[in-house]
Amino acid sequence: MKTSRWLPLAVFFALAALLAAGVWMSRNPDRDVLPSPLIGKPAPEFALPVLHDPKHTVRLADLRGQPFLLNVWGSWCVECRVEHPVLTRFAETKRVRVVGYNWKDEPADALRWLEQFGNPFWLVLADIEGRAAIDWGIYGAPETFLVDGAGIIRWKHVGALTDAVIVDELLPALQQVEAAR
């Protein structure tokens, strides 16, 4: 009889302990960061047409030799519009080649978007159907990858680039890539 009286209280304390543990574990500010299994691994091969010249195909091998920043964007992407001025300022530094990866977009819409907001990209690749994006683990836009000269992915950011992300994350990663040359 006494055990049945304490059982609800014991269940209550057990649930409270689980709740407290969940709250404790969620205090990490980077809890929304998705780890990429591709960091430190060779970038997936691709052969994609150039947005401004669809008859011309670019492969990953064509970009090797120098690091590049691959920015996934689309004219349909609201966050890409938010990110665009930040990305443009960074591209103007010419610190590294900024390659646009236009994802699941109609070429006419992408070209119109670049004409309206400006083209910060050294080169824009078009993945209209999104097939190459699967190999890269791309599941949304904007996403940004830093690939070193050997074709190894060194850094990835999911979401819009901000000045803080560039200063706190991208530039240190780029410095490491440059130091390793």
Between Asn119 and Phe121 (side chain of the first, backbone of the second, donor and acceptor by atom type, cut-off under 3.5 Å), is there such a pair?
yes
When every non-hydrogen atom of Trp136 is compared with those of Pro44, the smallest separation belongs to NE1-O, 3.4 Å
Any link between Val98 and Leu125 through a network of hydrophobic side chains (Ile, Leu, Val, Met, Phe, Trp, Tyr) touching at under 4.5 Å?
no
Residues Arg64 and Gly151: closest non-hydrogen pair is NE-CA, 3.9 Å
Within this structure, what is the CD1-CG distance for the pair Ile138 and Asp127, rounded to the nearest 0.5 Å?
7.5 Å
Distance from Glu92 atom CD to Lys94 atom NZ, nearest 0.5 Å?
8.0 Å
side-chain contact (heavy atoms from CB on, under 4.5 Å) between Val158 and Thr144, intermediate numbers included:
CA-CA 7 Å; Val158 175; Thr144 306; over 6 Å; no
Do Trp103 and Leu70 belong together in a cluster built from hydrophobic side chains that touch within less than 4.5 Å?
yes
What verdict does the side-chain contact (heavy atoms from CB on, under 4.5 Å) test give for Trp73 and Leu87, after you've listed the backbone C-alpha separation in whole Å, the side-chain angles of each residue and the deciding distance to 0.1 Å?
CA-CA 11 Å; Trp73 67 281; Leu87 185 64; over 6 Å; no
Exam field: side chain Asp62 to backbone Arg59, donor-acceptor pair closer than 3.5 Å:
yes
Donor-acceptor pair, side chain of Asn102 and main chain of Pro107, under 3.5 angstrom:
no
Any donor and acceptor pair, going by atom type alone, linking the side chain of Asp105 with main-chain N or O of Asp109 inside 3.5 Å?
no
His84 side-chain N/O to Pro120 backbone N/O, donor-acceptor pair under 3.5 Å:
no
Quick one: does any side-chain atom of Trp76 pair with a main-chain N or O of Lys104 as donor and acceptor, under 3.5 Å?
yes
For Asn71 and Tyr101, what are the C-alpha separation, side-chain angles and deciding distance, and is it a side-chain hydrogen bond (donor to acceptor under 3.5 Å, both in side chains)?
CA-CA 6 Å; Asn71 178 255; Tyr101 186 104; over 6 Å; no
Hphob cluster co-occupancy, Val99 + Val58, side-chain heavy atoms under 4.5 angstrom
yes
Please name the pair of heavy atoms, one in Leu171 and one in Arg95, separated by the smallest distance, quoted to 0.1 Å.
CD2-NH1, 3.5 Å
Over 12 foreign heavy atoms within 6.0 Å of CD, Glu106
no
Do you know the tightest heavy-atom contact between Val86 and Thr162?
CG1-C, 3.7 Å
Same cluster or not: Leu48 versus Val72, using hydrophobic residues (I, L, V, M, F, W, Y) connected whenever any side-chain heavy atoms lie under 4.5 Å apart?
yes
For Val50 and Val124: C-alpha separation, side-chain torsions, deciding distance, then whether side-chain contact (heavy atoms from CB on, under 4.5 Å) applies.
CA-CA 6 Å; Val50 174; Val124 181; 5.8 Å; no
Mark yes or no for whether Glu143, through its side chain, and Tyr139, through its backbone, hold a donor-acceptor pair below 3.5 Å.
yes
Minimum heavy-atom separation for Ala43 and Leu60, please, with both atom names.
O-CD2, 3.3 Å
Shortest non-hydrogen contact from Ala141 toward Cys80:
CB-SG, 4.0 Å
Between atom CG of Leu69 and atom CG of Leu146, what is the distance when rounded to the nearest 0.5 Å?
6.0 Å
Could you label the plane-to-plane angle of the Phe117 and Trp113 rings as parallel, tilted or perpendicular, counting under 30° as parallel and over 60° as perpendicular?
tilted
Could you walk me through whether His52 and Leu111 pass the side-chain contact (heavy atoms from CB on, under 4.5 Å) test, one step at a time?
CA-CA 8 Å; His52 294 87; Leu111 290 168; 3.5 Å; yes
Do the side chain of Arg154 and the main chain of Pro67 share a donor and acceptor less than 3.5 angstrom apart?
no
Indicate if Phe145 and Phe68 have the same hydrophobic cluster label, given that clusters are the connected sets of ILVMFWY residues with side-chain heavy-atom separations under 4.5 angstrom.
yes
Nearest 0.5 Å, please: how far is CG in Leu170 from CZ in Phe90?
4.5 Å
Could Arg89 and Glu83 be called an ion pair, given the rule that one side-chain N must be under 4.0 Å from one carboxylate O?
no
